[in-house]
Amino acid sequence: MTLTPQRLRRLVKQRERLERLQEQELAEAQRLYATRENALHESQGEREALLDTAVPWTGPIEPEDLVAGIAFLRRVDREIGARRAALAHSAEDVALEREELLSRRRDRKAMETLLDHRVEEERLAAGRAERKLIDELASTRWVRPSPAQESPAR
């Protein structure tokens with residue numbers, strides 16, 4: 001099947017639409033990454049806030065408070081680990097989406113280049129056909145004598 005310029009134009013438009021969709025997917029992946037990053041910072045802030053609370057160095061320490069603080073610290077540490085893993089997964093997703101976008105851009109640019117070459121080929125072919133027609137018209141006029149030049153052979 002020959003790819004005509006019209007078909008190539010439709011293909012380029014389709015590739016542009018796919019590229020826009022991929023840009024949206026990349027933006028969504030980046031948004032999710034930012035959300036997960038903020039959640040990780042929030043959990044780290046909670047941990048720091050607990051560790052920064054002033055513990056009295058003198059006087060009695062309530063065992064319930066100590067147990068609750070340790071349990072909270074364990075929960076926050078597990079949460080931080082889970083959020084780091086989710087952030088790493090989001091970073092991989094962003095990298096994959098970015099690579100896919102670059103692939104789609106290369107594909108679209110290749111189609112545009114092919115379209116440009118086809119349009120140029122058609123323009124050159126049309127020019128050659130026009131020159132050939134002009135040459136044929138000129139050669140038939142040169143070969144065929146005009147009626148004024150014809151003399152009767154009697």
With sequence neighbours left out, the residues meeting salt bridge (charged side-chain N to carboxylate O under 4.0 Å, His left out) with Glu120 are Arg123
Shortest non-hydrogen pair, Pro5 vs Leu115, comes out as O-CD1, 3.5 Å
Membership question, hydrophobic clusters at under 4.5 Å side-chain separation (ILVMFWY): are Leu101 and Leu21 in the same one?
no
Among Glu79, Arg75, Arg78, Arg84, whose side chain to side chain donor-acceptor pair (under 3.5 Å) with Ser43 holds?
Glu79
Straight-line distance of Asp93 CG to Leu26 CG, nearest 0.5 Å
11.0 Å
Pairwise side-chain contact, Leu50 with Val76, heavy-atom cut-off 4.5 Å (strictly under)
no
Nearest-0.5 Å distance, NZ of residue Lys132 to CG of residue Leu137:
12.5 Å
Please examine the side chains of Arg83 and Glu37, heavy atoms only from C-beta on, and report whether any two atoms are closer than 4.5 Å.
no
Evaluate the side-chain proximity of Gln30 to Arg98: yes if any heavy-atom separation is below 4.5 Å, no if none is.
yes
Which heavy-atom pair separates Ala29 from Glu97 by the least distance, and what is that distance?
CB-CG, 4.0 Å
Side-chain heavy-atom pair Lys13, Arg10 within 4.5 angstrom cut-off
no
In Å and rounded to the nearest 0.5 Å, what is the CD to CG distance from Glu122 to Leu124?
10.5 Å
Heavy-atom neighbours of Gln6 CD exceed 12 at 6.0 Å
yes
Let me know which of Arg105, Met111, Glu112 forms a side-chain contact (heavy atoms from CB on, under 4.5 Å) with Glu16.
Glu112
Which is it for Arg36 and Glu42 under the salt bridge (charged side-chain N to carboxylate O under 4.0 Å, His left out) test, yes or no, and what are the steps along the way?
CA-CA 10 Å; Arg36 288 181 172 172; Glu42 181 181 312; over 6 Å; no
For residues Leu114 and Val119: do they belong to one hydrophobic cluster (side chain heavy atoms under 4.5 Å, members Ile, Leu, Val, Met, Phe, Trp, Tyr)?
yes
For the residue pair Leu32 and Ser90, what are the closest heavy atoms and their distance?
CG-OG, 4.0 Å
Out of curiosity, Leu18 CG to Ser103 OG, how far, rounded to the nearest 0.5 Å?
10.5 Å
Output the distance between atom CG (Leu87) and atom OH (Tyr33), rounded to the nearest 0.5 Å.
4.5 Å
Nearest-0.5 Å distance, CG of residue Leu11 to CG of residue Asp107
9.5 Å
Among residues at least two apart in sequence or on other chains, which ones pass side-chain contact (heavy atoms from CB on, under 4.5 Å) with Glu100?
Gln22, Arg104
When you check the side-chain N and O atoms of Arg47 and Gln44, is any donor under 3.5 Å from an acceptor?
no
Would you mind listing the cluster partners of Val67? Hydrophobic ones only (ILVMFWY), side-chain contacts under 4.5 Å, chaining allowed.
none
Does NE2 in His41 sit with more than 12 non-hydrogen atoms of other residues, nucleotides or ligands closer than 6.0 Å?
yes
Do Leu51 and Leu73 come within less than 4.5 Å of each other through their side chains, counting heavy atoms only?
yes
Would you sort out whether Arg20 and Glu23 count as a salt bridge (charged side-chain N to carboxylate O under 4.0 Å, His left out), showing the intermediate values?
CA-CA 5 Å; Arg20 281 193 302 272; Glu23 287 171 350; over 6 Å; no
